[in-house]
> 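Let me begin by handing over the structure; questions about it come next.
In the text below, chain A, chain B and the rest are named by the order of the sequence lines, each starting its count at 1. Worth knowing before you read on, the calculation uses all heavy atoms, side chains too, and leaves out hydrogens, waters and symmetry mates.
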Amino acid sequence: MGTVILILHGLVTVALLGAITHQTLATCAPARAKPYSFFDRFRAVRGAGFTNAIVVLYVISWLLGAVVYLYFKVDVQPSLERDHHWHALGFFDLKEDFTAIGLGVLPAYWSCWHQPVDGRSYQLRTALTLLLAFIVWWAFLVGHVLNNIGGFGS
Amino acid sequence: MFNSMFRRFAFAYGAAFALFYALAHARGLALFTVYPAQGIVLLGLHRSRDVADPVLDFLAPEMYWYGWTASAAVGALVVGIVAALLPARLSPFWVWCAWVVPPMAMIACAYLTIPWFRL
Ligand code: HEM
């Protein structure tokens, strides 16, 4: 069961990573001229259209992660400790903390993207989008690395 | 009117959640403790090594993360509601908090994680 939930967790986070990366690039480095390259087209999207999907995907990823964590604590963490993977466990600790803080920031992030933008809220919207993107990338990379070291199914 | 109240709630909630989460982590303020191996949830913070030999700790690993998150969510909800009820002219303050507090809380959590990197 733990493995099934982990695979679902991994799949949902792929969609989340794509959506937040599109939105972040569209916000921070919008394409100006007619997009020609892949990178130009990637960032030429309308950022606001991703907001609801990002909130929903984040909450689902978070909930699935929270369930997988119960299995991880019992089945995986003891062997990582036995093999002295302290740094990996430290990075995972940060994943726990960052993803929780990200969950708390979601209502503010949502609200920033659904209001008419003045100067201050534009800056806050960019800042919160960047913060969420950092959290999602961190969680994604740490989750993968930990799974590769010898997580579920090994 | 409702929009502006929700905005104040959301900004205050985000900042307070981050602050309370870092505090809960630093001070061990877990609303409950989860024992996944036994499938038990106990109110408040419990350490199995306080009641059993530390050598047996691995039999009943405890998890505080759920409890810290719940503590932060409850605290932030109260702050968010108060912020929504306070006058709209305080909005810039909540915007400022939503800017500054979450990154600071993440830095504080990184600081709390340093022991893992000294092992
Ligand atoms: C919301 C953002 C999150 C993202 C983007 C994310 C991403 C990932 C990814 C990509 C994996 C690897 C999946 C695989 O290789 O099959 C993973 C594994 C994992 N994640 Fe998450 N995750 C998130 C949130 C969470 C949360 C909140 C928790 C709970 C604390 C969590 C706990 C775990 C665990 C326990 C694993 C398995 C590690 C192992 O196999 O050793 N994740 N995550």
Side-chain angles (χ1 to χ4, degrees), chain A residues 2 62 65-82 84-116 118-128 130-132 134-135 138, chain B residues 3-4 6-22 24-25 34-39 58-66 68-70 72-73 75-76 80 91-92 94-106 108-110 112-119:
Chain A
W62 195 90
V67 177
V68 171
Y69 193 19
L70 295 166
Y71 294 93
F72 173 84
K73 188 79 181 180
V74 177
D75 300 333
V76 180
Q77 186 162 338
S79 50
L80 292 175
E81 286 176 0
R82 190 198 55 217
H84 294 195
H85 288 296
W86 307 122
H87 289 191
L89 288 165
F91 286 131
F92 184 77
D93 231 39
L94 279 176
K95 168 175 168 168
E96 275 180 28
D97 297 338
F98 291 174
T99 51
I101 290 172
L103 190 74
V105 158
L106 280 186
Y109 159 83
W110 185 87
S111 158
C112 280
W113 275 101
H114 280 83
Q115 292 286 318
D118 57 38
R120 200 190 292 119
S121 56
Y122 177 77
Q123 284 173 353
L124 181 63
R125 167 170 144 178
T126 308
L128 291 182
L130 274 171
L131 188 84
L132 268 189
F134 172 76
I135 290 172
W138 180 277
Chain B
N3 256 351
S4 126
F6 177 76
R7 262 171 97 77
R8 269 175 280 144
F9 168 84
F11 294 153
Y13 182 89
F17 188 102
L19 177 70
F20 289 142
Y21 180 86
H25 190 169
V34 176
Y35 288 91
Q38 286 72 23
F58 72 96
L59 289 175
E62 63 276 87
M63 301 174 84
Y64 305 123
W65 176 71
Y66 302 95
W68 296 335
T69 308
S91 279
W94 300 119
V95 171
W96 182 83
C97 289
W99 247 105
V100 174
V101 180
M104 297 300 276
M106 285 165 69
C109 290
L112 293 172
T113 313
I114 288 176
W116 282 111
F117 298 96
R118 294 223 169 110
L119 287 170

> How far does NE2 of A:His114 sit from CZ of B:Phe6, to the nearest 0.5 angstrom?
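If I round to the nearest 0.5 Å, the distance is 10.0 Å.
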
> Output the distance between atom CG (A:Leu94) and atom CG (B:Leu112), rounded to the nearest 0.5 Å.
9.5 Å

> Measuring heavy-atom distances to chain A, does B:Tyr66 have an atom under 4.5 Å in its side chain, in its backbone, in both, or in neither?
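For B:Tyr66, side-chain heavy atoms alone lie under 4.5 Å from chain A.
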
> Would you call B:Phe11 and A:Cys112 a side-chain contact if the rule is heavy atoms closer than 4.5 Å?
yes

> Would A:Phe91 and B:Phe117 count as a close aromatic pair, with their ring centres under 6.0 Å?
yes

> Quick check for you: among A:His87, A:Gln77, A:Glu81, A:His84, which has the greatest number of heavy-atom pairs under 4.5 Å with chain B?
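Max contact count across the listed options: A:His87.
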
> Once rounded to the nearest 0.5 Å, what's the spacing between atom CH2 of A:Trp86 and atom CZ of B:Arg118?
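Reported to 0.5 Å precision, the distance equals 16.0 Å.
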
> Once you round to the nearest 0.5 Å, how far does CD1 of A:Ile101 lie from OG1 of B:Thr69?
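Those atoms lie 9.5 Å apart.
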
> What are the two closest non-hydrogen atoms of B:Trp65 and A:Ala66, and how far apart are they?
CZ3-CB, 3.9 Å

> Measure the spacing between CG of A:Asp97 and NE2 of B:His25 and express it to the nearest 0.5 Å.
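Here the interatomic distance stands at 5.0 Å.
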
> Please list, chain by chain and in numerical order, all residues satisfying side-chain hydrogen bond (donor to acceptor under 3.5 Å, both in side chains) with A:Tyr69, sequence neighbours excluded.
A:Glu96

> Should B:Trp116 and A:Asp93 be marked as a side chain to side chain contact (heavy atoms under 4.5 Å, CB included) after you check the CA-CA gap, both sets of side-chain angles, and the distance that decides it?
CA-CA 9 Å; B:Trp116 282 111; A:Asp93 231 39; 3.1 Å; yes

> Which atoms of B:Val101 are under 4.5 Å from chain A, going by heavy atoms: the side chain, the backbone, both sets, or neither?
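B:Val101 has no heavy atom closer than 4.5 Å to chain A.
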
> So for B:Ala105, is it side chain, backbone, both, or neither that comes closer than 4.5 Å to the heavy atoms of chain A?
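Backbone plus side chain of B:Ala105, per the 4.5 Å heavy-atom cut-off to chain A.
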
> Is there a side-chain contact between B:Met106 and A:Ile135 in this structure, where contact means two heavy atoms from C-beta onward sitting under 4.5 Å apart?
yes

> Residues two or more places apart in sequence or in another chain: which of them pass side-chain hydrogen bond (donor to acceptor under 3.5 Å, both in side chains) with A:Trp138?
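Residues passing side-chain hydrogen bond (donor to acceptor under 3.5 Å, both in side chains) with A:Trp138: none at all.
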
> Answer with side chain, backbone, both or neither: which region of B:Trp94 has an atom nearer than 4.5 Å to a non-hydrogen atom of chain A?
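Neither part.
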
> Most heavy-atom pairs under 4.5 angstrom with chain B, which of A:Leu128, A:Leu131, A:Leu89?
A:Leu89

> Can you name the closest pair of heavy atoms from A:Pro107 and B:Tyr13 and give their distance?
CG-CD2, 4.2 Å

